[in-house]
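Down below is the structure, laid out as structure tokens.
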Amino acid sequence: MDESLDTRSVILAGAAKLLRQNTFEDVSYLELAELAEVSERTVYRRFPTRSHLLEALGRWLEEEYFPIPEFHTVDEFRDAVRARFRAYDAEPAFAFVAARGAALSPTGEESPATFTAAIIAMLETTAPTLNRRDALRAASAARYFASPMFWARMRTGFEMSADEVYRAFDVAMVRVLPAAQRPSRAGS
Amino acid sequence: MSAVAAEPSATQEAILSAYAELIEEVGTDDVSFRLIALRAGVGERTVFRHYPTRVDLLLATAAWIEATIFSRQESESIFDVPIAIREAIEAYDRRPELAHVVAETAMRGVNGSEPAPQRAHLDAMLRREVPALDDAERRDIVAALCHLDSSATWVTMRRELGMSGRDIADAATWSAEAILDPIRDLGAPAT
């Protein structure tokens with residue numbers, strides 16, 4: 001089991017390496033097999049289609065390159081999102097793949113919902129009086145605006161820098177998160 | 001951008017709709033050009049002539065899906081946008097595989113489809129209806145509405161929060177209303 005998990009990570013790390021020079025479309029299973037020192041069949045067994053590969057790679061890149069710090073308050077959440085957008089700007093090829101992977105029709109892998117769960121928990125502690133429906137609406141909006149998808153759309157469609165993306169995120173959050181309407185920490 | 005091409009010809013339309021059908025039946029990965037040609041009733045070479053690579057074909061198909069299957073009436077007022085978003089989410093919910101395709105192609109950066117196609121129209125409505133906004137304020141509102149009015153909203157809320165189509169439509173509409181609420185009373189110009 002450990003060995004199989006390793007093979008998987010080695011293949012994904014190889015794909016990340018190839019992404020530095022190529023688009024995802026140019027990453028070949030043969031090259032992945034060579035980099036991971038496994039057979040091409042092994043790569044196909046782990047990732048039967050390119051959708052499987054893209055989804056797994058997007059998730060792996062998020063974990064390896066864009067880990068989310070713990071947050072409990074709205075301010076900590078905002079800081080975490082700002083750091084994430086800056087990290088996306090530093091590794092745009094990886095961030096676009098993360099956004100693409102998250103947009104795909106799920107291939108059946110369990111999705112680790114830790115970020116979503118953390119947003120829901122944050123809302124429960126900061127706005128305990130929020131009714132269930134508003135809490136769901138606010139959590140889903142916060143999750144969506146904090147995603148690599150938002151960064152990708154703002155970067156391509158609006159030519160925004162990381163800090164401008166953060167500003168647009170914050171404007172949306174002040175409006176959709178009732179609990180976010182407190183003044184934010186000065187100068188942060 | 002590449003996706004905003006001229007109207008497809010009848011042949012192109014046959015190819016694009018054949019591919020869209022096959023995506024719903026078997027997914028984007030396993031569809032060969034041969035199968036697409038067969039379904040469209042054209043030769044395989046015709047498909048290649050119009051769409052030399054798989055990416056060309058996918059982007060053209062995503063644009064066609066947006067323009068036909070997920071087409072929408074243009075809102076006349078910025079304050080109608082939440083209603084348009086509700087209708088769009090309901091349409092995505094009826095054709096989930098196609099919604100995923102449209103969302104994914106919008107996330108490809110400069111090699112993808114136009115990620116904010118409504119930008120100019122939303123900007124024009126805001127300029128007209130809420131002229132008090134400065135450029136930065138207006139851009140942030142347009143940005144938020146463009147993001148909400150997209151299949152990625154439906155994808156994220158379904159995948160990450162396990163929401164039903166009805167709950168997603170509700171949340172997206174509510175969010176759009178929340179974005180617009182603070183500018184509701186800024187006052188339109190006397191007309």
Side-chain angles (χ1 to χ4, degrees), chain A residues 23-25 48-54 58 92-93 95-107 111 113 115-116 119-120 133-134 136-145 147-158 160 164-165 167-172 174-178, chain B residues 1 23 27-30 53-55 96-97 99-112 114-117 119 136-137 139-148 150-153 155-163 167-168 170-182:
Chain A
T23 69
F24 176 78
E25 275 60 40
T49 70
R50 296 188 71 82
S51 294
H52 287 85
L53 178 62
L54 178 55
F96 278 117
V97 165
R100 289 178 57 182
L104 287 179
S105 185
T107 52
S111 93
F115 185 39
T116 309
I119 289 173
I120 292 169
R133 175 151 288 273
D134 283 350
L136 179 64
R137 291 158 156 172
S140 62
R143 176 67 182 81
Y144 181 50
F145 279 93
S147 68
M149 290 182 181
F150 184 59
W151 172 87
R153 198 186 311 278
M154 294 306 109
R155 171 142 171 157
T156 319
F158 291 82
M160 287 187 190
E164 289 172 313
V165 180
R167 211 191 82 111
F169 158 82
D170 209 39
V171 164
V174 163
R175 292 170 181 207
V176 297
L177 287 188
Chain B
M1 267 188 198
I23 286 170
T28 49
D29 281 306
D30 303 317
T53 71
R54 189 166 276 282
V55 174
E97 288 305 318
H100 281 290
V101 167
V102 169
E104 192 271 328
T105 52
M107 297 298 153
R108 292 180 173 218
V110 291
N111 303 314
E114 170 57 68
R119 181 182 179 177
E137 288 169 324
R139 184 177 70 159
D140 287 339
I141 291 169
V142 171
L145 293 177
C146 277
H147 192 49
L148 283 170
S150 78
S151 55
T153 307
V155 171
T156 306
M157 293 186 185
R158 187 162 113 137
R159 275 187 68 161
E160 294 297 327
L161 292 108
M163 291 160 71
D167 282 350
I168 296 167
D170 169 71
T173 309
W174 174 86
S175 300
E177 296 279 7
I179 300 290
L180 291 170
D181 267 344

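All values below come from the heavy atoms of this structure, side chains included, with hydrogens, waters and symmetry mates left out. Naming convention: chains lettered A, B, ... in sequence-line order (proteins, then strands); numbering from 1 in each chain.
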### Task
For B/Asp170, enumerate each residue passing the salt bridge (charged side-chain N to carboxylate O under 4.0 Å, His left out) test, keeping only those at least two apart in sequence or located in another chain.
A/Arg133, A/Arg137
### Residues forming a salt bridge (charged side-chain N to carboxylate O under 4.0 Å, His left out) with A/Arg50, sequence neighbours excluded
none
Quick check on the interface: out of [options], who has the most heavy-atom pairs with chain A under 4.5 Å?
| options | value |
| --- | --- |
| B/Arg108, B/Met157, B/Arg54 | B/Arg108 |
| B/Val155, B/Ile141, B/Thr153 | B/Thr153 |
| B/Gly27, B/Ala171, B/Ala152 | B/Ala152 |
| B/Ala172, B/Ala136, B/Ala99 | B/Ala136 |
| B/Val102, B/Thr105, B/Val142 | B/Val142 |

### Message
Tell me whether A/Arg100 contacts the main-chain N or O of B/Met107 through its side chain, where contact means a donor paired with an acceptor under 3.5 Å.
### Response
no
### Task
State whether the side chain of A/Arg143 and the backbone N or O of B/Leu161 hold a donor-acceptor pair below 3.5 Å, judged by distance alone.
no
#### Entry: Any side-chain heavy-atom pair of B/Glu104 and A/Ser105 under 4.5 Å
no
### B/Arg159 side chain near A/Thr116 side chain, heavy-atom distance below 4.5 Å
no
Answer with side chain, backbone, both or neither: which region of [X] has an atom nearer than 4.5 Å to a non-hydrogen atom of chain B?
| X | value |
| --- | --- |
| A/Val176 | both |
| A/Ala141 | both |
| A/Ala95 | neither |
| A/Leu54 | side chain |
| A/Met149 | both |

With chain B as the partner, which of [options] has the greatest number of non-hydrogen pairs under 4.5 Å?
| options | value |
| --- | --- |
| A/Ala93, A/Gly101, A/Ala102, A/Pro92 | A/Ala102 |
| A/Ser140, A/Pro148, A/Ala99, A/Ser147 | A/Ser140 |
| A/Gly157, A/Ala139, A/Ala152 | A/Gly157 |

### Query
Going by an N to O cut-off under 4.0 Å, is there a salt bridge joining A/Arg175 and B/Asp181?
no
### Task
State the OG-CZ distance between B/Ser150 and A/Arg153, to the nearest 0.5 angstrom.
3.5 Å
### Between CG on residue A/Leu104 and OG1 on residue B/Thr28, distance to nearest 0.5 Å
7.0 Å
### B/Val110 to A/Thr156 - nearest heavy-atom pair and separation
N-CG2, 4.0 Å
### Query
B/Ala144 and A/Ala172: which non-hydrogen atoms are nearest, and at how many Å?
CB-CB, 4.4 Å
### Query
Non-hydrogen atoms of chain A under 4.5 Å away: do they reach the side chain of B/Glu137, the backbone, both or neither?
backbone
### Query
In a check of ring-ring contact (aromatic ring centres under 6.0 Å, His included) between B/His147 and each of A/Trp151, A/Phe158, A/Phe150, which one passes?
A/Phe150
